[in-house]
Peer 1: 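I'd like to ask some things about the structure below.
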Amino acid sequence: MLKLITTLILSGTFALGTGYAPARTPDANFGPSNPFYAPSTLPFHAPPFDKIKDEDYQPAIEAGMAEEIAEIQAIADNPAAPTFENTLVAKERTGRLLQRAMAAFGAVTDANSDPVLLKVRAEEAPKLAAHQDTIYLNAKLFARVDAVYKQRKSLQLDPESLRLLEVTHDNFVRSGANLSDADKGQLKKLNGEIATLSNEFSTRVLAATKDGAYATTDKNTLAGLSDTQLAAAAQAAQSRKQMGYALPLQNTTQQPMLSSLSVRATREAIFENSWNRAERGDANDTRDIIAHLAQLRAQRAQLLGYPNHAAWKLGDQMAKAPEAALKFMDALVPGATAKAASEAKDIQDLIDAQKGGFTLQPWDWEFYSEQVRKAKYDLNEEDVKPYLELNNVLENGVFYAAHQLYGITFKERKDIPVYQPDVRVFEVSDADGKPLALFYCDYFKRDNKNGGAWMDEFVHESKLLGTLPVVYNVANFEKPAPDEPALISFTDVTTMFHEFGHALNAMFADTEYPSLSGTATARDFVEFPSQFNEHWALYPGVINHYAKHYKTGAPMPTELVANVKKSQTFDQGYMLTELLAAAELDMQWHMLPASAPLQQPDEFEKQALEKTHLLLSDVPPRYRSTYFSHIWSGDYSAGYYAYLWSEMLDDDAFQWFEDHGGLTRANGDRFRRMVLSRGNTEDLAKMYAAWRGKEPSVEPMLKYRGLQESGH
Ligand SMILES: [Zn+2]
């Protein structure tokens with residue numbers, strides 16, 4: 001599964017240092033009694049959750065912003081000539097109060113929320129966005145950064161310092177710092193229009209998705225749903241003040257309910273609701289908005305000196321240019337669509353065997369593929385779970401694999417305060433016994449926790465600031481009854497390995513500057529360490545070590561392990577094809593030049609898919625243009641390919657391990673030294689190629705996803 005880590009709202013504002021006096025403006029609501037006032041005195045500067053109360057966050061965030069602005073202004077106003085030290089390094093030291101407050105605030109707001117925290121978030125979000133603009137549009141600060149940048153060849157900086165200079169300068173330039181005042185005015189105007197339209201898009205899609213729910217009073221049309229699903233549907237209708245049942249839409253084209261619904265007409269109606277939700281010519285129609293958004297983004301890119309929006313967005317990514325992302329996707333299309341076609345044939349065979357008398361359509365796919373899956377793999381989740389007890393998976397699986405690869409060890413600490421009693425804390429020691437990091441895990445579902453799973457940090461590693469990483473993983477596994485074992489699914493196991501892969505990237509960080517540390521990498525790289533770590537979940541020497549029956553300790557039967565493994569490639573043709581179609585739509589929209597006329601979205605979409613050989617009758621894109629929130633209101637414009645790109649990297653990297661003896665300390669240490677510890681301290685493509693010995697290739701991805709015959 002593809003998961004996102006949450007990103008700090010304010011990247012580049014980080015934890016405490018030593019011997020640096022903050023330029024703090026006095027604030028009546030904020031004083032020494034606030035637990036964020038001074039750096040934490042706990043081990044690793046862990047947040048003092050035993051002292052932090054909800055009402056402490058807002059004054060600390062407000063004071064933190066004021067402090068950072070004062071610090072930034074002091075750098076900008078420095079009468080001394082600009083140097084790397086008094087400008088770039090000084091900027092790295094700013095914003096420590098804001099970082100400590102925001103890191104703790106972000107963690108509890110996402111994982112242990114309450115109305116007070118949500119109110120603070122709503123009030124502070126626009127102020128935090130404006131705060132970032134205040135820093136990046138500070139002309140005096142940019143003039144100093146630019147002056148240092150222009151001398152860079154004569155400064156004899158070490159490689160990491162040079163990278164810091166280049167990345168910081170690039171961030172300013174990409175935000176428009178180099179433009180004339182007139183162009184800056186035009187940029188602000190475009191930014192404002194784009195923000196307004198994005199917001200309008202998001203409002204309309206939310207309403208369109210809500211309106212798109214399938215409603216019925218006839219229970220017979222819902223045949224196939226379980227009693228629990230029916231009860232939920234009745235509840236959904238009630239909350240909408242409707243009679244009968246309602247099946248709300250989720251944001252993707254395909255709807256999970258379609259796998260259970262046996263009445264074909266119901267499936268078709270739900271699919272139609274989903275596909276056309278934002279194209280009904282009503283107040284929720286988004287076609288006009290996306291056409292204008294694409295045009296405004298192209299105009300902004302032109303103003304900033306780029307041929308199109310995609311070229312601007314990819315400038316600081318590993319792929320560097322849209323052409324590289326397109327070439328990569330083109331290479332996947334034949335394998336993906338061929339696999340999808342063979343999956344479609346399996347499904348059509350089943351329809352024919354059941355004398356269905358119709359041709360497979362998108363609304364049939366989920367329903368029949370579920371039956372094919374059961375017939376093919378005979379895999380019942382309930383048979384697998386007794387072998388996957390959470391603690392055993394954590395200590396004898398996730399930690400064990402990391403110990404085998406990197407030599408690190410884990411010791412639980414009960415003395416570190418946590419924000420909720422289910423949270424556990426481990427001290428992580430390096431192979432030589434030295435302290436490396438703190439690791440928190442918060443695995444159980446709660447009503448006040450966001451869905452999904454993620455990783456983030458309370459404290460970022462930085463040699464400049466003298467800090468070691470304090471890292472956490474959050475998930476949403478079912479909490480067992482008291483004194484019962486937590487038996488989880490194999491998908492949950494994969495999630496644990498995934499999020500721990502992000503954690504390793506942060507824990508091994510070995511960098512001077514906080515803004516280049518750990519997971520502060522490009523969007524098309526950041527999921528690579530996490531997805532790579534997933535591979536060990538099924539690795540024979542690892543799964544045999546953790547998959548043991550919770551009662552008897554017996555290892556998972558070989559046949560069951562084989563079925564789990566085989567089922568991983570099931571339906572991959574469909575899933576990869578729908579992802580590719582969405583990623584291609586994203587890229588085609590955002591490669592329009594400023595000179596292109598306003599587009600007709602339906603026609604544009606059809607042509608974009610046709611051109612890329614992805615206009616398929618039974619595999620529609622994962623998101624249609626008109627409800628593709630990632631790219632119109634989220635932060636994934638010209639960036640949806642990143643999910644696939646990092647899959648290429650993780651499979652290619654795992655292939656290297658397989659070719660070099662697999663799970664060994666030597667392999668792990670080399671990967672840690674050359675990749676995991678490096679953060680964003682080097683050009684990511686060069687870093688990868690130096691470790692891999694060549695550029696990444698797509699063949700291992702095709703192999704591991706079951707999209708071509710394996711040579712191994
Ligand atoms: Zn992730």
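Indexing begins at 1, ligand by ligand and atom by atom, following the structure's order. Counting begins at 1 with the first residue of the sequence.
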Peer 1: Could you check whether R523 makes a cation-pi contact with Y636, meaning its NZ or CZ is under 6.0 Å from the centre of the six-membered ring and within 45° of the ring axis?
Peer 2: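 Relative to the ring axis of Y636, which defines the angle, R523 lies inside both limits.
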Peer 1: Would you say the side chains of H535 and D651 form a donor-acceptor pair under 3.5 Å?
Peer 2: yes
Peer 1: The criterion is side chain to side chain donor-acceptor pair (under 3.5 Å); which residues satisfy it with R672, sequence neighbours excluded?
Peer 2: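 If we apply the side chain to side chain donor-acceptor pair (under 3.5 Å) test to R672, skipping adjacent residues, the hits are D430.
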Peer 1: Mind checking side chain to side chain donor-acceptor pair (under 3.5 Å) for W632 and listing every partner two or more places apart, or none if nothing turns up?
Peer 2: none
Peer 1: Please work out the angle at the Zn ion (ligand 1) defined by atom NE2 of H498 on one side and atom NE2 of H502 on the other, rounded to 10°.
Peer 2: 110°
Peer 1: Name whichever N, O or S atom of E527 ends up nearest to the Zn ion (ligand 1).
Peer 2: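 The closest N, O or S atom of E527 to the Zn ion (ligand 1) is OE1.
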Peer 1: Quick check: does E499 have an N/O/S atom under 2.8 Å of the Zn ion (ligand 1)?
Peer 2: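 Looking at E499, which is the residue asked about, there is no N, O or S atom under 2.8 Å from the Zn ion (ligand 1).
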